[in-house]
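Quick caveat, the model's predicted, so the values are computed rather than measured. By convention in this document, chain letters (A, B, ...) are assigned in the order of the sequence lines, proteins followed by strands, and residues within each chain are numbered from 1.
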Amino acid sequence: MSFLRWRRQGRRLGVSLLFVLMASGLWQYQERQYRDDYTWMGVPSWESLTPTSIHRVLRNNGYLAGWSDVRAGALWVSYQVEAVENTSIGSRPGFKADWRTLWPIGTGSYAGSGYDRGHLAPNYAIAAVHGRDAQVDTFLMSNMSPQRPNLNRQLWQRLEEAVMDHFAPRYERLQVVTGPIYPENFMDNAFNRLGFIEVPEAFYKIIVAPHPKTPRALAFIMPQNVRGNEPLDDYLVSIDEVEARTGLDFFPELSASQESALERQVHTQGWAVEQVANRPGRFQ
DNA sequence: TTTGATGT
């Protein structure tokens, strides 16, 4: 190989390398932007590298989802809401399969099962705050989790209504993380499936008012089997409790001292939970 | 109609 040719090839390689570096840098920058827009103090991560807590992040309009291929469901969704003036939203779009999950989960997969296609990232709040494209994305099957009707249509609906109508107006902005909870031992529930989808035993929702110095948080865990008219505050838990039951680490970028102040105990100051705890549902 | 879905 002549010296000239060798030099030309070297230059070509250099240009390609530079291109790859720039492209991956740009991708990482964009990914980072996305995550910062939809999360506070980092996306949830797994506390230990176990098959049931590993997930990959699906990016949607209005929310992020942490998809588990082992559970065939999202382990968390993350989104932000604020109070809105215009409370009307578009009509419910149809449910839609999500090819990114790789699992053949169709819109009919829940039919006749006794479980609702329960939204993790909610239709109303996402639509009202983030618009139509985001609303459409909440109807992806990757955002659904099997929920008993009494939970989905009543207790859970009341909680989501409280988030938008009661909690959001009290603060500038809220960060919400929500998802399923499974029994502690994988094999106890491994065959409790609806098609490919593992059926959770409960659901959590964490709500944070992300003040830089004194953030406040509420967390709830609600089981599948409820009547639906229970007081919401019966289900208050600490974030540590949610972490223990999910194996996830929420808000991983918090310092150790911030984390223990926010996550170890139930702090209800500032939320006036009692004012909404017994509000009736819309659909009973 | 404006916070959830199902099944006819």
Participant: Identify which nucleotide among B:dA5, B:dG4, B:dT2 has an atom closest to any side-chain atom of A:Pro122, counting heavy atoms from C-beta outward.
Facilitator: B:dG4
Participant: At 4.0 Å (heavy atoms only), tell me whether A:Gly281 reaches a base, stays on the sugar-phosphate, or touches nothing.
Facilitator: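 No contact.
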Participant: Between A:His119 and B:dA5, is there a side-chain N or O to OP1/OP2 distance below 4.0 Å?
Facilitator: yes
Participant: Would you mind reading off the distance between A:Leu194 atom CG and B:dT6 atom C1', rounded to a whole angstrom?
Facilitator: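 Going from CG in A:Leu194 over to C1' in B:dT6 covers 14 Å.
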Participant: Atom CG of A:Leu155 to atom P of B:dG4: distance rounded to whole Å?
Facilitator: 14 Å
Participant: I'd like to know if the side chain of A:His55 and the backbone of A:Ala65 have a donor-acceptor N/O pair within less than 3.5 Å.
Facilitator: no
Participant: Nearest whole angstrom, please: distance from the C1' of B:dT3 to the CZ of A:Arg282.
Facilitator: 5 Å
Participant: Mapping A:Tyr110 and A:Tyr124 onto DNA chain B by nearest heavy atom, which one lands closer to the 5' end?
Facilitator: A:Tyr124
Participant: Classify A:Glu161 by what it touches in the nucleic acid, base, sugar-phosphate, or nothing, heavy-atom distance under 4.0 Å.
Facilitator: base
Participant: With a 4.0 Å cutoff (strictly under), does any side-chain N or O of A:Arg158 reach OP1 or OP2 of B:dT3?
Facilitator: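 No, because none of the side-chain N or O atoms of A:Arg158 sits under 4.0 Å from OP1 or OP2 of B:dT3.
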Participant: Would you mind reading off the distance between A:Ile126 atom CD1 and B:dT2 atom P, rounded to a whole angstrom?
Facilitator: 18 Å
Participant: When you measure from the side chain of A:Gln80 to the backbone N and O of A:Leu174, does any donor-acceptor pair fall under 3.5 Å?
Facilitator: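 Side chain of A:Gln80 to backbone of A:Leu174, a donor-acceptor pair under 3.5 Å: no, none is there.
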Participant: So A:Asp165, base contact, sugar-phosphate only, or nothing? Heavy-atom distance under 4.0 Å.
Facilitator: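 Base, at least one base heavy atom under 4.0 Å.
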Participant: Nearest-Å distance, CZ (A:Phe283) to P (B:dT2)?
Facilitator: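 Rounded to whole Å, this separation is 11 Å.
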Participant: Does A:Phe95 have A:Arg117 sitting over its ring (NZ/CZ under 6.0 Å from centre, angle to axis within 45°)?
Facilitator: yes
Participant: I need the single residue from A:Trp156, A:Tyr110, A:Tyr115 that forms a side-chain contact (heavy atoms from CB on, under 4.5 Å) with A:Gln147. Which is it?
Facilitator: A:Trp156
Participant: Between A:Asn123 and A:Gly112, name the one whose nearest nucleotide on DNA chain B is closer to the 5' end.
Facilitator: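 Its nearest nucleotide being more 5', the pick is A:Asn123.
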Participant: Is there a donor on the side chain of A:Asp116 or the base of B:dT6 sitting less than 3.5 Å from an acceptor on the other?
Facilitator: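 Such a pair does not exist between side chain and base.
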Participant: Please report, rounded to the nearest Å, how far the P atom of B:dG4 is from the CE atom of A:Met164.
Facilitator: 11 Å
Participant: Can you check the A:Met222 CE to B:dG4 P distance for me, whole Å?
Facilitator: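 Between P of B:dG4 and CE of A:Met222: 14 Å.
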Participant: With the side chain of A:Arg117 defined as its heavy atoms from C-beta on, choose the nearest nucleotide among B:dA5, B:dG4, B:dT6.
Facilitator: B:dT6
Participant: Given A:Thr138 and A:Gln135, is the side-chain hydrogen bond (donor to acceptor under 3.5 Å, both in side chains) satisfied, shown in steps?
Facilitator: CA-CA 5 Å; A:Thr138 68; A:Gln135 180 183 20; over 6 Å; no
Participant: Whole angstrom is fine here: how far is it from CD in A:Gln154 over to C1' in B:dG4?
Facilitator: 10 Å
